[in-house]
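So that we are looking at the same thing, I have put the structure below in structure tokens.
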Protein chains: 2
Amino acid sequence: MKASAAASRADSAAAGGRRRRAALSREAIIEAALNIGSSEGGSALTFSRLGKELGADPTAVYRHFRDKDELVLALTDRMVEESVKRVEDVDPEQVGWREWLRRVAVAVRAVYLERPAVAVLAATRTTASPAETASVERLIAVLHRTGLGVIEAAEIYRGLLDLTLAMAQATAAFTLLPAEVQEQDATAWTVTYATLSESEFPHVRRSVPRLAELNRDDGAVFELVLDTFLDGVQTRVDRAGAGGSGSGS
Amino acid sequence: MKASAAASRADSAAAGGRRRRAALSREAIIEAALNIGSSEGGSALTFSRLGKELGADPTAVYRHFRDKDELVLALTDRMVEESVKRVEDVDPEQVGWREWLRRVAVAVRAVYLERPAVAVLAATRTTASPAETASVERLIAVLHRTGLGVIEAAEIYRGLLDLTLAMAQATAAFTLLPAEVQEQDATAWTVTYATLSESEFPHVRRSVPRLAELNRDDGAVFELVLDTFLDGVQTRVDRAGAGGSGSGS
DNA sequence: ACCTGAACACCGTTCAAGT
DNA sequence: ACCTGAACACCGTTCAAGT
């Protein structure tokens, strides 16, 4: 029972084979790590799980990465690359800057939430990889072209990405908690808030169905925040347009 | 050497005494945990550190909390209470809804960042404690009084708090990383980004001093996001005022 | 009734052996 | 040149003893 579960994990890595010695390489390890990140339930990224996935001794990874942090940095690069890839054929000139920013943020969040175990470690890291620098340049450029000054464009870029990555990381971290813990927190909204005194908590009571709904759907909360933030960016773009008109500082 | 370091920790808990048996209680344990959370460097909240702080065996905590999660929930309540206390004598009628929301968000972030080790565990949890339910009611009420419908007010409340807590949690988590790792990430901005090709990365090169500055000051990024978000809320308030005018759905 | 201390199943990491 | 496996210092948690 136990042995067969372990064997099937090894098989999925060796792709049909018998548990080959897996031709360990940075690439293979990264792939395995991303795989763990995307598997069900709350499984953290761990050397022993990595070893199982690779069909190798857990410590074999140390032959290819100095330590766990170096692996995390490599995974961070992959997450950024994947995010960029998801929006590379959306043209900001076609869909407009606002819709483009929206799609970028939604894509980044989606990539991270597909791999919560990696997201939790990668979301706040900076590697200055080619994919990262190129996308930073692009984001600032698109924001600058709206009429915003370059500095303000850079500030908005940074705010948008921090906001997106932080919210994705928070959701990913919650996802990794034990299922009972998650359910327990959820009942706060469906039970406790739903039964608060109507006279003492009139506003809560009137909105509790929506609040419970939002609690079940983190994506809706994120998009709400994102849209409100973009409304704020619009306000700044309008303000810039009224003054300097066009390019400029 | 080693022993004296341990003794001084115990002393700080026993407040002058000799390492009293510390009258263990939920209160004392919570206080000790908050203390750890606020000490220097990247010290995680751990049973052994808790035991040292209390001058008791690490496992003694299990006599007062079923498991670590129950402790985390109690700490979450404390963080909410402390946040509420920080703004309780700021009157939204006096300073206006926008400034009030701003101060609430800034206070919540400050409370969490003073205790990164606790923040990282508490930020995404819901306990439906009295302090929590009361502040949710208040937030929705203030937003509703701007002319927004209750449901929309509830949505904005939720977005604002998720945004604030997620960004605080992300900063707290980064704070807990080893110092060398933090520095390494910081050099991405001061070194790599600062030396990118001027022709290929014109926008980055023009804004890199500001970007490096923002990278050193997470608070500035947060306030930027917060102000932009509040601009977006303003847009929605104006929209609601143009239509329904006053109370309503 | 509460605390202690040994024990267990995990973590990341190091290092001496193996091939 | 790369992998294995024992070992170590930590995690949270359980449980039999102690007082």
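We name chains A, B, ... by the order of the sequence lines, and we start the count at 1 in each one.
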Could you check whether B:Glu213 pairs with B:Arg210 (Lys NZ or Arg NE/NH1/NH2 to Asp/Glu carboxylate O, under 4.0 Å)?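 Salt bridge flag = yes for B:Arg210 with B:Glu213.
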Nucleotide nearest B:Ala60 when distance is taken to its side chain, options C:dC3, D:dC3, C:dC11: C:dC3
Look at B:Glu70 together with B:Arg26 and state whether they make a salt bridge at an N to O cut-off of under 4.0 Å.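 Yes.
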To the nearest angstrom, how far is A:Leu54 atom CG from D:dT4 atom P?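 Computing the A:Leu54:CG to D:dT4:P distance gives 10 Å.
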Exercise: identify the closest heavy-atom pair between B:Ile30 and B:Arg78: CG2-CG, 3.8 Å
Rounded to whole Å, how long is the line connecting atom CG of B:Leu177 with atom C1' of C:dG12? 15 Å
Write down the distance between CG (B:Asp57) and C1' (D:dC15), rounded to a whole number of angstrom. 13 Å
From CZ of A:Phe47 over to P of D:dA9, roughly how many Å is that when rounded to an integer?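 Whole-Å distance recorded here is 19 Å.
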Can a donor-acceptor pair under 3.5 Å be found between the side-chain atoms of B:Thr59 and the base atoms of C:dG5? yes
Would you call B:Glu137 and A:Arg205 a salt bridge, using N to O less than 4.0 angstrom?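 No salt bridge links B:Glu137 with A:Arg205.
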How is the base pairing of DNA chain C summarised as a dot-bracket string, given the Watson-Crick and G-U wobble criteria with both distances under 3.5 Å, [ ] for crossing and | for another strand? ||.|||||...|||||.||
Given atom CZ of A:Phe65 and atom C1' of D:dC3, what is their separation to the nearest angstrom? 16 Å
Measure from the side-chain heavy atoms of B:Tyr62 and tell me the nearest of D:dT14, D:dC11, C:dT4. D:dT14
Are any protein N/O atoms closer than 3.5 Å to N/O atoms in nucleotides 17-19 of chain D? If there are, list each pair with its distance.
none

What do the steps show when you test B:Glu81 against B:Lys85 for salt bridge (Lys or Arg N to Asp or Glu O under 4.0 Å), and what is the final call? CA-CA 6 Å; B:Glu81 283 164 21; B:Lys85 201 176 299 171; over 6 Å; no
Residues forming a salt bridge (charged side-chain N to carboxylate O under 4.0 Å, His left out) with B:Glu200, sequence neighbours excluded: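 By the salt bridge (charged side-chain N to carboxylate O under 4.0 Å, His left out) rule, B:Glu200 matches no residue at all.
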Report yes if at least one side-chain N or O of A:Arg49 is closer than 4.0 Å to OP1 or OP2 of C:dC11; otherwise report no.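 True: A:Arg49 side-chain N/O within range (under 4.0 Å) of C:dC11 OP1/OP2.
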Which of these nucleotides, C:dT13, D:dT13, C:dC11, is closest to any side-chain atom of A:Asp67?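 For the A:Asp67 side chain, the nearest candidate turns out to be C:dT13.
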Should the ring pair A:Tyr62 and A:Phe47 be called parallel, tilted or perpendicular, given that the plane angle runs from 0 to 90° and is split at 30 and 60? parallel
Among D:dT13, D:dC3, C:dC11, the nucleotide that comes nearest once only the side chain of A:Arg63 is considered: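 Given the options D:dT13, D:dC3, C:dC11, the side chain of A:Arg63 is closest to D:dC3.
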Between C:dC2 (C1') and B:Ile29 (CD1): distance, integer Å: 11 Å
Specify the separation, in whole Å, of atom CZ of A:Arg26 and atom P of D:dC2.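 Interatomic distance, CZ of A:Arg26 to P of D:dC2: 12 Å.
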Identify whether any heavy atom of A:Leu71 sits under 4.0 Å from a base atom; if not, whether one sits that close to sugar-phosphate; answer base, sugar-phosphate or nothing. nothing
Ionic contact status for B:Glu88 with B:Arg138, cut-off 4.0 Å: no
SB check B:Asp69 B:Arg125 (cutoff 4.0 Å): yes
B:Ile29 CD1 to B:Glu53 CD distance, which is reported to the nearest 0.5 Å: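 It comes to 12.0 Å.
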Can you measure A:Lys68 atom NZ to D:dA9 atom P for me and round it to whole angstrom units?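 Taking NZ of A:Lys68 and P of D:dA9, I get 21 Å after rounding.
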Nearest nucleotide by nearest heavy atom, which residue falls closer to the 5' end of DNA chain C, B:His64 or A:Arg66? B:His64
